[in-house]
Amino acid sequence: MEYNFGEVEKKWQEKWAADKVYKTSIVEGKPKYYVLDMFPYPSGAGLHVGHPLGYIASDIFSRYKKLKGFNVLHPMGYDAYGLPAEQYAIQTGTHPAITTELNLARYREQLDKIGFSYDWDREVRTCDPAYYKWTQWTFIQLFNSWYNKQLDMARPVSELITAFETEGNAAVPAVCNETPVFSASGWKQMSEKEQQEILMNYRLAYLAETAVNWCPALGTVLANDEVSEGYSVRGGHPVERKKMKQWLLRITAYADRLLEGLNTIDWSESIKEIQRNWIGRSEGGSMRFEVMNLPLSRFGGGGTSKTEIEVFTTRPDTIFGATFMVLAPEHELVSKITKPECRKKVDTYLSWAKNRSERERMTEVKKVSGEFTGAYAINPFTNQPIPVWIADYVLMGYGTGAIMAVPAHDSRDFAFARHFSLPVVQVVNKPGHEATDPVTWDESYDSKEGIMINSGFITGMQVKEAISSVIRESEKRGIGTGKINFRLRDAIFSRQRYWGEPFPVYYKDGMPYTLPEDQLPLQLPEVDAYLPTENGEPPLARAKNWKTSEGYSLETNTMPGFAGSSGYYLRYMDPRNDKEYFSKEAVSYWQNVDLYLGGAEHATGHLLYARFWNKFLFDLGYTVTEEPFQKLINQGMIQGRSSFVYRVNPEKMAEYVLWERIKDNKLGVKFVQDYRDGNRKFDYFSPEAKLIIEVKKPKSLEKLVEPYTEYAESKGYKLLMIPMIDFIEPGIDKVVERIVAAIKGEDVPVYIEKKGLDPVPIFISKNYSGRENYSDALHVDINLVHNDMLDIEAFKQWQPHLNKSLFILEDGKYFCGSEVEKMSKSKYNVQNPDDLIERYGADTLRLYEMFLGPLEQSKPWDTSGIEGVFRFIRKFWRLFHDHDINFSVSGEAPIAAELKVLHKTIKKVQEDNERFSFNTAVSAFMICVNELTELKCNKRAILNELVVLVSPYAPHIAEELWQLLGNKGYVCNAVFPEYKPEFTVDNTFAYPVSFNGKMRFTLELPVDMPVLEIEKAVLAASEAQKWLGGLPPKKVIIVPRKIVNVVV
RNA sequence: GCGGAUGUGGCGUAAUUGGUAGCCGCGCCAGACUUAGGAUCUGGUGUCGUGAGACGUGGGGGUUCGAGUCCCUUCAUCCGCACCA
């Protein structure tokens, strides 16, 4: 029987499910291996072929590890909260849970058809109360923790309270928001509310008024990683800065550990680099500059209030070159220090800067703008007064929102100084160069290489030495310290949306408190609409009785998407536990994820939050490893390959084709195109033949016959009016014949009346020369195209208006064009896996997706190669069957050649699996099957092993053959065959013999032949004489079992 | 502008340690079979050249007996970041 993939695949999928073949449990003593796919969000569109690429790879690796004796954890579940379902709910009123449920079912159905080895008993969904109970629980732990810098870990807030009660906050080594210093007695005198407000500055989950990314279109705030270039990543809506009170996670406390941890994990360099950039650690110093002569009257009375501007700089060494200062427009000191005479201009600048969108600000980076405040500060090292400016190239969100400007050694400061004619002083000298007058410079010298000049006590030092000297001196004088600054911001954790986890938080006296853990989960309430209330409160404010049993009102924000996905890999270890997040036993056995597979788009979002989440739980003693994902592989994107048909513009085509026939004196007379005479314009005109030719639709021509004839007669010209339809019927040749006749002076009718045809679309095959001059490319559904050939009948049925289409073919075929683009519905290039499985089966799809190329590389999806893989599957099947396709294997002992093929393949496939080179492994299978077919090998001893080898890639056919071979149990529980080198060794080696590095011939010699004898044998070979040309060789290089190179 | 990655036949790719460039597959060409099909099988297929042979891994240069692989330089494409002090 010819291989019936449909039947076989269905059969085994059902058996696997019925027997729970992929159910996993802890087996003490057996080595574990945890393979995880990135949490999918099941959208309404279902899977396209790009999604399963990673799943297939991880499934192959899971199955392989299982064959190698590992206890493999390979779960799957869904990130089920998300904006699309909620947007749909807003539009239609359908509860997002319903939409989500539908999408999940469809997703699951598609996944099942591909034959994955997931343990579905471990499935989790973020929107399931049994799951989000633990998301809420983690939030409570964050709320009740603070970060101890000294111990470098999170500690309970209760410890903090004890410290405040005994010694106040001055000596507490915490990462916290700015908090006034208080003593133990000060703490005790505070009201509960005041104490809670203080504690809020320390908590790892805290409520604060901050500038947030507000997206009006989505009606919610977004985290930094959810915004790109001023637009929301999801949906592409504009985002603006807005001050709001929001929950935040103090991820910045972990900045250093998040950075350090990158050195311990096996991730691609590019993702690590993206994370490093995102964390943005920079080392430098913080320095305070005193502002001179403040207008004291503004503070009511002649106090001695000292105002200082604090700056952060990575180049404290250049302080002697700091000739002015710049504050961000939003800086709190701006209004305080601005002199009355400058106030008007400053205010104008402030309102201009404020009204500028984020977008404008980003695109106009190169435009220099700013305003002088009138104030001066003292450079603490030069003791010179330097002007204080405001400018929006200084960002409030980074450092202190103020800088000391060193125009000689910072390109932005340089541009600013030039624009406003501020002084530039050189303080670093380029090694090996003389100092020059900065007036002559075209750009600043930003390098960290050089010797200090004009710099007081650091003059003559190297930059590096100068940096530490200045920091030391600043610390001594109490005007600054060494400081490390991060670009990373705390993560905004509130969303003004319905479809997300409710916060386990209620408000008492305006202060937030967390619910007791035994009241979790706090379930998402029902609402009458998924929109904000009239007063702009989030949708949860619509819920009836959204209060605790004591009557305190509950938080109306919900958590963001990354809340549920940050710790899901932990929950898979023990997914049905209702007492704990996960048991101690489970986490100490499964530890962390060994192999994590997913797209690179989560580089700064999920992958950073999950690492933070895990580290926090590690500090609390729940997780057992610092890093959640040991090895990360980012599968490349699958792009779409669009197909095009070319719709002819008949008028343009007729003109183009005709011109090709009459231009360059081809008919013996010269023609010009687009001839003009006054207001009249004609398509072609030959002054020699006094002939005008006009090509148009019959309808247009009819109207023109009269005026044109009149005109032609008045000028003594001949006139030909050719309806476009003539080019198709009777055809271009007949048209040319008429023109030739007219040139010869024969009597040719001006216009032969013709009925215009109904306008039908005309499509021309791709390779007609000149086609691009008269046709437009239109996307055509890729399912109507095979190997770039259009299925014309199917195309006509595709859309009603194409029904009567005409085609201009090449060799009776219509060839389509193609282009690589994003896979999208509107481009008709979406390939859905179900169609391919229907036609070729899941095994072929799995093999083909792997065969496409290296896993991490992006590539266009092109089905033209799938036939080859399909052929391989059938050829593989035929190895086990005789001519009449009856199952037939022999029990005979295999011969050496067969064993060699098998073991060569075992070795290759094992190595390829280990290095995730699945494309080359598929090649190896093809080679193996080709060679065994050649050898007519149907021996059980060989084929049994081969089936195991193939099973991770093509599990269904492998399972069927495994059973036909008479084995007990499932092939997925078999043992990976052992490679035996003795079967692959040869006793001869075909040496490639090169002359001057160019391969000329091969020479078969015994493997163990000594070098000297090889040389003799090579030089004695008859082919060698030709290349030696009678001369003795200069040198002979022999690498045993590799190569011979003769230098002449 | 900065950072990262990638450039090999008509196409997807292979070459794991510096050692026969182009494996495997698609496509194409020729042939066989045939109930004409988008089936199967066989052979061929980097470029130029009738040929011996020459050339050939984006371009240029270098190291080496030998370079797709190492070094320098340059170009192109893709991705990420971008006033980050």
Side-chain angles (χ1 to χ4, degrees), chain A residues 2 228-229 268-274 276-278 280-282 284 311-315 318 326 361-362 364-368 391-395 397-406 410-413 415-416 485-488 600-601 603-604 636-637 639 641 786-789 791 818 839 847-848 851-854 856-869 871-872 874-875 878 908 911-912 914-915 917 919-920 922-927 930 990-1002 1026 1033-1039 1041-1048:
Chain A
E2 188 68 75
S228 171
E229 300 189 8
S268 78
E269 208 40 56
S270 80
I271 294 275
K272 287 199 209 177
E273 205 50 39
I274 291 172
R276 283 189 195 110
N277 284 340
W278 191 261
R281 181 184 200 270
S282 48
V311 300
F312 172 74
T313 174
T314 55
R315 296 293 301 273
T318 60
V326 187
R361 190 174 153 138
M362 281 188 222
E364 294 169 12
V365 160
K366 297 231 158 57
K367 217 164 119 185
V368 177
D392 72 353
Y393 83 90
V394 175
L395 304 175
Y398 186 76
T400 61
I403 59 157
M404 62 174 210
V406 184
D410 181 285
S411 51
R412 293 150 306 167
D413 297 345
F416 195 81
N485 206 30
F486 292 94
R487 199 182 80 107
L488 185 70
E601 66 273 18
T604 50
M637 271 212 316
Q639 296 142 309
R641 184 177 184 275
H786 304 288
N787 294 333
D788 287 341
M789 247 182 313
D791 180 338
S818 70
R839 210 151 101 199
L847 283 164
Y848 185 58
F851 188 63
L852 231 37
E856 302 191 42
Q857 209 165 290
S858 285
K859 51 228 150 188
W861 179 259
D862 183 356
T863 40
S864 51
I866 201 168
E867 303 278 349
V869 174
R871 254 170 239 152
F872 159 76
R874 282 176 297 171
K875 211 168 167 182
R878 256 181 267 129
K908 173 78 177 151
E911 284 169 0
D912 287 349
E914 293 287 349
R915 67 191 175 110
S917 177
N919 55 326
T920 52
V922 177
S923 279
F925 291 136
M926 289 176 172
I927 295 167
N930 287 348
Y991 276 94
V993 180
S994 314
F995 286 78
N996 292 335
K998 288 216 186 339
M999 214 283 282
R1000 297 304 178 183
F1001 59 91
T1002 56
K1026 181 168 143 199
K1034 251 193 202 156
K1035 200 173 174 186
V1036 181
I1037 288 121
I1038 293 162
V1039 184
R1041 290 196 205 207
K1042 273 267 161 71
I1043 198 169
V1044 176
N1045 190 17
V1046 183
V1047 187
V1048 237

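Protein chains get the first letters and strands the later ones, always in sequence-line order, with residue 1 at the start of each.
Residue contacts shown for A:Gln857 are limited to sugar-phosphate atoms, with no base heavy atom under 4.0 Å away. Contacts of A:Lys875 with the nucleic acid, taken as non-hydrogen atoms under 4.0 Å apart, are absent. Looking at heavy-atom distances under 4.0 Å, A:Lys1034 makes no contact with the nucleic acid at all. A:Ile403 comes within contact range of at least one nucleobase, with a heavy-atom separation under 4.0 Å. Using a 4.0 Å heavy-atom distance criterion, A:Arg1041 is classed as making no nucleic acid contact.
Phosphate contact (OP1/OP2 of B:G3, side-chain N/O of A:Arg276, threshold under 4.0 Å): absent. Taking side-chain N and O atoms only, A:Arg871 has a distance below 4.0 Å to OP1 or OP2 of B:C26. Neither OP1 nor OP2 of B:G25 sits under 4.0 Å from any side-chain N or O of A:Asn919. Between A:Ser994 and B:G19 there is no side-chain N or O to OP1 or OP2 distance below 4.0 Å. Dashed line: the shortest gap from a side-chain N or O of A:Arg878 to OP1 or OP2 of B:C41 is under 4.0 Å.
When both pairing distances are held under 3.5 Å, B:U16 makes no Watson-Crick or G-U pair with any nucleotide shown. Across every strand in view, B:G31 sits in a pair with B:C41 that passes the Watson-Crick or G-U test at under 3.5 angstrom. In a base pair of the Watson-Crick type (N1 to N3 plus N6-O4 or O6-N4) or a G-U wobble (N1-O2 and O6-N3), with each distance short of 3.5 Å, B:C55 is matched with B:G46. Remark: B:G68 base-pairs with no nucleotide; criterion is Watson-Crick or G-U wobble with both hydrogen-bond distances under 3.5 Å. Within the shown strands, B:C75 is the pairing partner of B:G7 under the Watson-Crick or G-U definition, both distances less than 3.5 Å. With a 3.5 Å ceiling on both atom-pair distances, B:C83 lacks any Watson-Crick or G-U wobble partner. Searching all strands for a Watson-Crick or G-U wobble partner of B:A21 with both distances below 3.5 Å returns nothing.
When all heavy atoms of A:Pro992 and A:Lys1042 are compared, the pair lying nearest together is CD-O, 3.3 Å. Across all their heavy atoms, A:Thr400 and A:Val311 have their closest contact at OG1-CA, 3.4 Å.
Taking atom CZ of residue A:Phe872 and atom C1' of nucleotide B:G25, one finds them 12 Å apart after rounding to whole Å. Per the geometry, NZ belonging to A:Lys859 stands 18 Å off P belonging to B:C11, to the nearest Å. One can place CD1 of A:Ile927 at 10 Å from C1' of B:G25, the figure rounded to the nearest angstrom. With rounding to whole Å, A:Leu395 atom CG is found 9 Å from B:A85 atom C1'. Rounded to an integer number of Å, the gap from A:Tyr991 OH to B:U20 C1' is 14 Å. Between the CD atom of A:Glu273 and the P atom of B:G3 there is a distance of 10 Å, rounded to whole Å. Between A:Asn930 atom CG and B:C41 atom P the separation is 10 Å, expressed in whole Å. Nucleotide B:A5 holds its P atom 13 Å from the CD1 atom of A:Ile271, rounded to whole Å.
Side-chain contact check for A:Thr920 and A:Ser917: at least one donor-acceptor pair (N or O, by modelled atom type) lies under 3.5 Å.
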All N/O pairs under 3.5 Å across the protein-nucleotides 64-71 of chain B interface:
| unit_1 | atom_1 | unit_2 | atom_2 | d |
| --- | --- | --- | --- | --- |
| B:C65 | O2' | A:Asn1045 | ND2 | 3.1 |
| B:C65 | O2 | A:Asn1045 | ND2 | 2.6 |

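A distance of 8.5 Å separates CZ in A:Phe851 from CG in A:Asn919, rounded to the nearest 0.5 Å.
Aromatic ring pairs are classed by plane angle as parallel below 30°, tilted from 30° to 60° and perpendicular above 60°; the pair A:Tyr848 and A:Trp861 is perpendicular.
In this structure, A:Val993 and A:Arg1000 have side chains that are not in contact, with every pair of non-hydrogen atoms separated by 4.5 Å or more. For the pair A:Val326/A:Asp413, no side-chain contact is recorded, criterion being any heavy-atom separation below 4.5 Å from C-beta on. Taking 4.5 Å as the limit, some side-chain heavy atom of A:Ile403 sits within range of a side-chain heavy atom of A:Tyr393.
Heavy-atom nearest nucleotides on RNA chain B were determined for A:Arg1000 and for A:Ser923, and the one closer to the 5' end corresponds to A:Ser923. Across the interface with RNA chain B, nearest-nucleotide mapping of A:Gly853 and A:Met999 shows A:Gly853 to be the residue nearer the 5′ end.
Candidate nucleotides B:A14, B:A85, B:G38 were compared by shortest atom distance to the side chain of A:Thr314, and B:A85 ranks first. For A:Asp791, the side-chain atoms get nearest to B:G38 when compared with the rest of B:G38, B:C83, B:U16. Which of B:A39, B:A14, B:G4 sits closest to the side chain of A:Arg874 comes down to B:A39. You'll find that the side chain of A:Arg487 is closest to B:C81, out of B:C81, B:C24, B:A39. Closest contact between the side chain of A:Arg915 and the listed nucleotides B:A82, B:A85, B:U16 involves B:U16.
Taking atom C1' on both B:U17 and B:G49, the two are 38 Å apart, rounded to the nearest angstrom. Taking atom C1' in both B:G56 and B:G68, one finds a spacing of 11 Å when rounded to whole Å. Nucleotides B:G22 and B:C28, compared at atom P, are 24 Å apart to the nearest Å. Look at the C1' atom in both B:C75 and B:G10: the space between them is 24 Å, to the nearest Å. Comparing B:U40 with B:C33, their C1' atoms sit 8 Å apart, to the nearest whole Å. To the nearest whole angstrom, the two P atoms, one in B:G9 and one in B:G46, are 13 Å apart. Separating the P atom of B:U8 from that of B:C78 is a span of 15 Å, rounded to the nearest Å. Look at the P atom in both B:C24 and B:G43: the space between them is 12 Å, to the nearest Å.
The glycosidic torsion of B:G80 lies more than 90° away from 0, placing the base in the anti range.
Listed by chain and number, the residues in a side chain to side chain donor-acceptor pair (under 3.5 Å) with A:Ser282 are A:Tyr398 (sequence neighbours excluded). Scored by the side chain to side chain donor-acceptor pair (under 3.5 Å) test, A:Arg878 finds no partners at all (sequence neighbours excluded).
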Take A:Lys1035 and A:Asn1045, measure what side-chain hydrogen bond (donor to acceptor under 3.5 Å, both in side chains) needs, and give me the verdict at the end.
-> CA-CA 8 Å; A:Lys1035 200 173 174 186; A:Asn1045 190 17; over 6 Å; no
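Counting atom types as modelled, A:Lys1042 pairs no side-chain N or O with a base atom of B:U20 as donor and acceptor under 3.5 Å.
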